[in-house]
Amino acid sequence: MTNHIVAGLNESQRRAVEAIDGPVLALAGPGSGKTRVLTHRIANLVGNHDVVPERILAVTFTNKAAREMRTRMRDLLGAGVADRIDIGTFHSLAARWLRRDGTKIGLPNSWLIYDDDDQQRLIRRITKELKLPEKPFTPRNVLAVISNAKNELIDVATYTASARSPEVRMYALCYARYEELLQIAGAVDFDDLLLRTIDLFRTDALAFYHSRYRYILVDEYQDTNRAQYEMVKALAKGAGNIFVVGDDDQSIYGWRGADVRNIRRFDADFPGAQVIILAENYRSSQMILDVAQALIDASPRRVFRKELTAQTSGGDAVTWREYSDQNDEAQRVCDAIEHIVVSGSGRFSDCAIMYRTNAQSRAFEEALARRRIPYVLVGGMRFYERREIKDMLAWLRLMADPHDDVSLMRALEFPSSGVGAASQDHVNSWVAANHCSWYTGLTQCMNDPQAIPMLKGAPRQRLVQFTTRLQRLLNQTNLVSLLDVFDAILIETLFSAALNEEYGETDGESRMENVTELRRVAGEYLLLPMNEQLPRFLEEIALVSDVDRLNTSDNHVVCITMHQAKGLEYDNVFLVGLEDDLLPHIRTHQDPSQVEEERRILYVGITRARKRLALSRANRRLNRGQYVNTISSRFLKDIPSKLLSNTAMGSRVGARTMATPNPTYQGWGTAAAFQANKAVTPPPPIVLEVGDVVRHQRFGEGVVLAAKVVDDDLEVVVKFADEAAGEKRLIASFARLERIVPNH
DNA sequence: CGAAGCTAACTTTTT
DNA sequence: GTTAGCTTCG
């Protein structure tokens, strides 16, 4: 039956949609309509083959991809049907299954997810406890060792048994203790979500999942790690209808355990697999694809070769420019963006600046802010990683699980409970010796003054006070919603006042606004049954990423790493910092396979562009306070120079000098005509004179000592009342100064 | 015990 | 140019 579901698909897409039985591998080049294939395949199963929606499982790598798929499914099938399909990331699905069946493999009834920060705190505690030297045993290193072991499905016993060198034996000790502490806290880390699910699939519970999921679809299969691969294999053993989409040329997560071999050996793992290649590109111009193709064809070992073809030939030339330094690069990119907007060929939101490392974003942020171009920065400090947010979450988590040690120690520090390092050490050695949680230890200590002999007098009193406060919260019976719990904590801890105390009034208030924003998010969970509200809220927060929060409808330039940009697309893409040492990153130079991964990162970046692509580098770059000369990325050699133009995008604007401002574009005023979003609208230009009294978000009040116009903006020197802040040179619009007393 | 001030190290990418 | 962790002082 041919109908609207397959209408409009090309030959390969259609085959991928209609091959519903058995194993199928779809090799989907960038922009080849991968999501379309996934959604239409599901629509085909439900609409044309009467598959019950509940029998379908779709796995993605990001929440964003999951949400997008859900939205498209609703358009195709209607919400009533679409919402019955299980769609999610590996991690969120695993969490869902473990909530349901975790007790079968020994998980407690309720458990928490430890994020990266929690893990590091735990590790720091362990390395201190074991008195390990700082040198190789940084939290980051130790965590990487443990995570790699977990990714390879190596448990503590196996790891310990295979430890030869003294150093590895130390890591083994950390691993063992780490696992014990997680267990005591009733917590699982990201890797555990997958590992424990594999454990679950080794029990007879697997039969349930086999009967439940008859059709399995996996997106971005090239990014699966060992654990995810095992999960897929276990599930696919049921009905055998396993459909995976991926592209080995876009495999860029090897560093966190993803194994390209999973996709390359798919037909060996699943005998009789159909392999379908999707190479027709519906996104980019042929000019852009030629560059991408040249780059990837230069890769020495490729297994599946694809020849990307565009819908139309030609397009704007891809540009390559070398700038003097990172600020120059940022300025010229801004020129080009302004040109695009002013000439009417695009909006700010059609432009994206992509770089290899987050550290590169600073120069662009400053240049964009200075010109009042609205932008968003993806990555860097995430909302849920802010101090005040983590502090609030620590208390919320304690409400769900008082044995969560990491949160308890955090709650102990904010609001300050007056419990110092010495007392903490006493408690810590006691709970370590008794293999119990802090909460258990503190409760004992409260009931029996002699329980922890080292603790007495005032320090013990303070701990008792803290425990009393915590128990008062835990025992409140009149809390009937998540918001009640939230507010009870705010009241009991005097959270807002504590923020002002800790950060000063101005900063404290703005941090409280973030907490209020968190409260607003919590408010979205009120429709769930009371006992599910808090756990679900916490789980979602642990698994949400920055890209997930990216709002594509707002009119702003996007600054993003090439990694995070995977799955996104823009009319105009600026790939910056194409320098050896940055791309390929210096830490990959000695390993050819890692350098090849860097090549694929660039490939991913290039193929994000629809219409225009600008490549650039800075001849010298400020590294940590020092300028370093750079050389072009070695990957440039693989792109024939005839494919590159050295006329920059928007070069007319680029030619302007600081002395003669572009008459057609006058900062934000003109840009506002292009319907910028309110949320990102920079403040109107502020005019300051010497002698004005101003307020800064962080530094507080100060007086303007000097002011001069630099590059269309005002640069001021402000002497702040706060001794610590002293005198600062600031860009007026970037610093968001507020004039409180004009100088008349 | 906590605040302030100093040093060192550091920056790859993140579910 | 930042941040985290350590030392020192009050």
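None of the values given here were measured: they were computed from a predicted structure. Each chain gets a letter, A, B and so on, in the order the sequences are listed, and its residues count up from 1.
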### Query
Over how many whole Å does the gap from A/E598 atom CD to B/dT13 atom P extend?
11 Å
#### Entry: Close side-chain approach of A/R621 to A/Q360, heavy-atom, < 4.5 Å
yes
### Query
Whole Å only: how far is the NE2 atom of A/H426 from the P atom of B/dC1?
9 Å
Compile the donor-acceptor pairs under 3.5 Å between side chains in residues 412-427 of chain A and protein atoms, sequence neighbours left out, one pair per line.
| residue | atom | partner | partner atom | Å |
| --- | --- | --- | --- | --- |
| A/S416 | OG | A/G418 | N | 3.4 |
| A/S417 | OG | A/L412 | O | 2.6 |
| A/H426 | ND1 | A/A422 | O | 3.4 |

### Query
A/R362 side chain: which of B/dC1, B/dT13, C/dT2 is closest?
C/dT2
### Query
Within less than 4.0 Å of OP1 or OP2 of B/dT14, is there a side-chain N or O belonging to A/T561?
yes
### Task
Between C/dG5, B/dT12, B/dT11, spot the one nearest the side chain of A/Q594, thanks.
B/dT12
### Rounded C1' spacing from C/dG5 to B/dT12 in Å
23 Å
Table of protein N/O atoms under 3.5 Å from nucleotides 6-10 of chain C N/O atoms:
none

### Query
Choosing from B/dT11, B/dC1, B/dT14, which nucleotide comes nearest the side chain of A/N358?
B/dT14
### Query
Please give, in whole Å, the distance from B/dT14 C1' to A/D191 CG?
11 Å
#### Entry: Value in whole Å for how far the C1' atom of B/dT15 lies from CD of A/Q222
14 Å
### Query
Given that A/V419 and A/N63 both sit by DNA chain B, which one's nearest nucleotide is further toward the 5' end?
A/V419
### Query
Which of these nucleotides, B/dT11, B/dT15, C/dG5, is closest to any side-chain atom of A/A359?
B/dT11
### Query
If we require ring centres under 5.5 Å and near-parallel planes under 30°, does A/H585 stack on B/dT12?
yes
### Residues A/D86 and A/Y213: side-chain donor-acceptor under 3.5 angstrom
yes
### Task
Please report, rounded to the nearest Å, how far the P atom of B/dT13 is from the CD atom of A/Q360.
9 Å
### Message
Mind checking if A/H91 touches a base, just sugar-phosphate, or nothing, with heavy atoms under 4.0 Å?
### Response
base
### Task
Run the salt-bridge test on A/R356 and A/E579 with the 4.0 Å N-O cut-off and return the result as yes or no.
no
### Message
If you define the side chain from C-beta out and look only at heavy atoms, does anything of A/V576 sit under 4.5 Å from A/I353?
### Response
yes
### Query
Under 3.5 Å, is there a donor-acceptor pair between the A/Q119 and A/Y178 side chains?
yes
### Query
Using a cut-off of 4.0 Å on non-hydrogen atoms, how would the nucleic acid contact of A/F61 be classed: base, sugar-phosphate, or nothing?
sugar-phosphate
### Query
Is it the case that A/Y375 and A/E365 place a side-chain donor and acceptor less than 3.5 Å from each other?
yes
### Query
Looking for any heavy atom pair under 4.0 Å, which part of the strands does A/S92 touch: base, sugar-phosphate only, or nothing?
nothing
### Message
Does either side chain, that of A/Q331 or that of A/E329, offer a donor lying less than 3.5 Å from an acceptor on the other one?
### Response
no
### Task
State, yes or no, whether a side-chain contact exists between A/R387 and A/R511 at a heavy-atom distance under 4.5 Å.
yes
### Query
In whole Å, what is the span from the CG atom of A/N148 to the P atom of B/dT14?
17 Å
### Query
When you measure from the side chain of A/R256, which nucleotide among B/dT15, C/dG5, B/dT12 comes out closest?
B/dT15
### Query
Base, sugar-phosphate alone, or nothing: which one does A/R462 contact when heavy atoms must sit under 4.0 Å apart?
sugar-phosphate
### Task
Establish, with yes or no, whether the OP1 or OP2 oxygen of B/dT14 is under 4.0 angstrom from a side-chain nitrogen or oxygen of A/Q564.
yes
### Task
Tell me what A/S423 touches on the nucleic acid: a base, only sugar-phosphate, or nothing, going by heavy atoms under 4.0 Å.
sugar-phosphate
## Note on the structure
Whole-Å distance, A/R587 CZ to B/dC10 C1', equals 10 Å
### Task
Give a yes/no on whether any side-chain N or O of A/S416 is located under 4.0 angstrom from OP1 or OP2 of B/dG2.
yes
### Task
Write down the distance between CG (A/D117) and P (B/dT15), rounded to a whole number of angstrom.
15 Å
### Query
What is the nucleic acid contact for A/A422, judged by heavy atoms within less than 4.0 Å: base, sugar-phosphate only, or nothing?
sugar-phosphate
### Query
Hey, is the side chain of A/W255 pairing donor to acceptor with the base of B/dT13 inside 3.5 Å?
yes
